[in-house]
Amino acid sequence: MKTFDEVFGRAPDVTASAPGRVNLLGEHTDYQGGFVLPTAIPQDTTVHMGRNGTAEHRVYAADLERHARFPVGANAEPHFAQYVAGALALAGVQEGVDVHVTSTVPMGAGLSSSAALEVSTLRAARELFALDLDDVRVAQIAQRAEIEFAGVNCGIMDQMASSLADARRMLRLDTRTLERETLPLPGGAQVLVIDSGVPRSLAESGYNTRRAEVEEASRLLGVHELRDVTDVQVVETLPEPLNRRARHVVTENARVLAAVNADAAAFGQLMNASHASLRDDYEVSHPKVDELVELLQTHADVFGARMTGAGFGGALVALVREGAAEAVAADVLAQYDGPGRRVVP
Ligand code: GLA
């Protein structure tokens, strides 16, 4: 893997990193003003950056061995560089920089490799140009970069998690007000993340369809966002499948609120209920992910398990008895008919 010096012929001016995230509870709620409960994962993305004295940005993605160059303020081709282009342009960077990217966050698994790239780019630019941006602003600019430059109409969970969460505590976030607190994991438990190995090929189209469906549901219910529905019965007035889509969002918000004071056993039950809701009502799971989730849920050392992220394949998360994660992963993957692997711890 080539270093910054090998690619650009000098040392970088600054270096910054940002982690990926795994969402423990509160899935597909952040674009309806709802509640989420992610934590950072140990894997992160590192950006080395230096001024280059030109009117062009140059990006080298070391893991992909790919280059991109594009004018200051403009969008980039190919796709991987769009996250960097968006972050730099929306942060107001006016001078050309050279950017070297390496990452240990698995790509395309639903663990927010793109948010980690946006936030690490913004952290590096903040340091290099002494930009007056706090961590919330960084997350907001990162989300705009994803929407406006990478064309993904996402909520703000991933960027807030990458910018504000750490890997030892959960970040309970109200995505409407951005009010937040960090909480310890339930006692006696640890997080296990497994990548199912199923590519998330339908993720983008499926995500946009779900967004449109819940926007229609909130319009029909006469609320600003489904966050404002507290009585789940009202969703039954909606036509199929909007009733089920809305039911997921409303019950998922309630699960996040219930999780705040839950012990490991109760937290695990909420995760299991979340998975059932995502599978049956929201229909964003995948049969192979369901297979792995079931293997986990029936394991003696597992409190609860669910798909995580946008869905349609990718990663799943389990809350397991402290110290048991490695053994649980080995047991479950031995029975799984697919290319799964343990990502965390
Ligand atoms: C993706 C999006 C997030 C969120 C999740 C689903 O990760 O980027 O904003 O909507 O899906 O919870």
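Atoms considered below: every heavy atom in the structure, side chains included; atoms not considered: hydrogens, waters and symmetry mates.
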Chemist: Indicate yes or no: at least one non-hydrogen side-chain atom of Asp30 is less than 4.5 angstrom from one of Leu173.
Modeler: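 Asp30 does not reach Leu173 side chain to side chain.
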Chemist: Ring centroids only, cut at 6.0 angstrom: are Phe312 and His286 within range, meaning strictly under it?
Modeler: no
Chemist: With a 4.0 Å cut-off, would you call Asp98 and Arg69 a salt bridge?
Modeler: no
Chemist: Any Lys/Arg nitrogen of Arg21 or Asp158 sitting under 4.0 Å from an Asp/Glu carboxylate oxygen of the other?
Modeler: yes
Chemist: When rounded to the nearest 0.5 angstrom, what distance separates CD1 in Ile156 from CG in Leu178?
Modeler: 5.5 Å
Chemist: Any carboxylate oxygen within less than 4.0 angstrom of a Lys/Arg side-chain nitrogen, looking at Glu240 and Arg244?
Modeler: yes
Chemist: Decide yes or no for Arg227 and Asp174: does some side-chain heavy atom of the first lie under 4.5 Å from some side-chain heavy atom of the second?
Modeler: yes
Chemist: Can you tell me how far the CG atom of Asp166 sits from the OG1 atom of Thr39, to the nearest 0.5 Å?
Modeler: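 With rounding to 0.5 Å, CG (Asp166) is 6.5 Å from OG1 (Thr39).
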Chemist: Has Thr237 got a side-chain atom pairing as donor or acceptor with Val234's backbone, closer than 3.5 angstrom?
Modeler: yes
Chemist: Is it the case that more than 12 heavy atoms not belonging to Glu326 sit under 6.0 Å from its CD atom?
Modeler: no
Chemist: With a 4.0 Å cut-off on N to O distance, would you call Glu236 and Arg247 a salt bridge?
Modeler: yes
Chemist: Checking side-chain hydrogen bond (donor to acceptor under 3.5 Å, both in side chains) for the pair Thr45/Ser120: CA distance, chi angles, key distance, verdict?
Modeler: CA-CA 7 Å; Thr45 297; Ser120 55; 5.1 Å; no
Chemist: Near Asn261 CG, under 6.0 Å, is it more than 12 heavy atoms from other residues, nucleotides or ligands?
Modeler: no
Chemist: Please report the interatomic distance CZ(Phe8) to CE(Met49), rounded to the nearest 0.5 Å.
Modeler: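 One gets 10.5 Å once the value is rounded to the nearest 0.5 Å.
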Chemist: Strictly distance-based, threshold 3.5 Å: is any side-chain N or O of Asp263 a donor or acceptor partner for the main-chain N or O of Phe267?
Modeler: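 A pair under 3.5 Å: no.
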Chemist: May I ask you to decide whether Glu127 forms a salt bridge with Arg123, counting only side-chain N to carboxylate O separations under 4.0 Å?
Modeler: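 No, Glu127 and Arg123 are not salt-bridged.
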Chemist: With distance as the sole test, does Ser113 use its side chain to make a donor-acceptor pair with the main-chain N or O of Val105 at under 3.5 Å?
Modeler: no
Chemist: Between the main-chain N or O of Ser114 and the side-chain N or O of Ser112, is there a donor-acceptor pair closer than 3.5 Å?
Modeler: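 No; zero donor-acceptor contacts below 3.5 Å.
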Chemist: Test His248 against every option in Arg279, His28, Glu283 by the side-chain contact (heavy atoms from CB on, under 4.5 Å) rule and name the one that passes.
Modeler: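 Answer after filtering Arg279, His28, Glu283: His28.
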Chemist: Could you walk me through whether Gln140 and Gln159 satisfy the side-chain hydrogen bond (donor to acceptor under 3.5 Å, both in side chains) test, starting with their C-alpha distance in whole Å, then the side-chain angles of each, then the deciding distance to 0.1 Å, before giving a yes or no?
Modeler: CA-CA 7 Å; Gln140 289 170 322; Gln159 292 78 13; over 6 Å; no
Chemist: Nearest 0.5 Å, please: how far is CD in Gln190 from CD in Glu322?
Modeler: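 Answer rounded to 0.5 Å: 6.5 Å.
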Chemist: Do Thr121 side-chain atoms and Ala87 backbone N/O form a donor-acceptor pair below 3.5 Å?
Modeler: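 Side chain of Thr121 to backbone of Ala87: no pair is present.
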Chemist: Please check this pair: side chain of Lys288 against backbone of Asp337, looking for a donor-acceptor N/O pair closer than 3.5 Å.
Modeler: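 Here the side-chain-to-backbone pair exists.
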Chemist: Could you tell me the separation between the CG atom of Asp195 and the CG atom of Leu316, rounded to the nearest 0.5 Å?
Modeler: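 If we round to the nearest 0.5 Å, Asp195:CG and Leu316:CG are 8.0 Å apart.
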Chemist: Does the pair Tyr31 and Tyr207 meet the rule for a ring pair (Phe, Tyr, Trp, His ring centres under 6.0 Å), with working shown?
Modeler: CA-CA 11 Å; Tyr31 45 88; Tyr207 190 86; 5.3 Å; yes
Chemist: Checking Thr182 side chain against Arg169 main chain: does a donor-acceptor pair fall under 3.5 Å?
Modeler: no
Chemist: Would you call Arg126 and Asp132 a salt bridge, taking side-chain N to carboxylate O under 4.0 Å as the test?
Modeler: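 Asp132 and Arg126: not salt-bridged.
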Chemist: Is a side-chain N or O of Asn75 found less than 3.5 angstrom from the main chain of Phe149, in a donor-acceptor match?
Modeler: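 Between the backbone of Phe149 and the side chain of Asn75 there is a qualifying donor-acceptor contact (under 3.5 Å).
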Chemist: Got more than 12 heavy atoms from elsewhere within 6.0 Å of CD, Glu294?
Modeler: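 Counting other residues, nucleotides and ligands, CD of Glu294 stays at 12 neighbours or fewer.
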Chemist: Do the ring planes of Phe70 and His57 sit parallel (below 30°), tilted (30 to 60°) or perpendicular (above 60°)?
Modeler: perpendicular
Chemist: Given side chains that start at C-beta, do those of Leu192 and Val317 come closer than 4.5 Å, heavy atoms only?
Modeler: no
Chemist: Just by distance, do the side chain of Gln43 and the backbone of Val343 share a donor-acceptor pair under 3.5 Å?
Modeler: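 Flag set: sc Gln43 to bb Val343 pair under 3.5 Å.
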Chemist: Applying the side-chain contact (heavy atoms from CB on, under 4.5 Å) criterion to Tyr282, which one of Glu27, Glu213, Met307, Arg245 satisfies it?
Modeler: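 Among the candidates, only Arg245 passes.
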Chemist: Do Pro12 and His100 have side-chain heavy atoms sitting under 4.5 Å apart?
Modeler: no
Chemist: When rounded to the nearest 0.5 angstrom, what is the spacing between OG in Ser277 and CG in Leu270?
Modeler: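 Rounded to the nearest 0.5 Å, the OG-CG separation comes out at 12.0 Å.
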Chemist: Is Asp290 reaching over with its side chain to a backbone N or O of Val293, donor-acceptor style, under 3.5 angstrom?
Modeler: no
Chemist: Got a sec: does the CZ of Arg66 have more than 12 other heavy atoms crowding it under 6.0 Å?
Modeler: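 Count not over threshold, so no.
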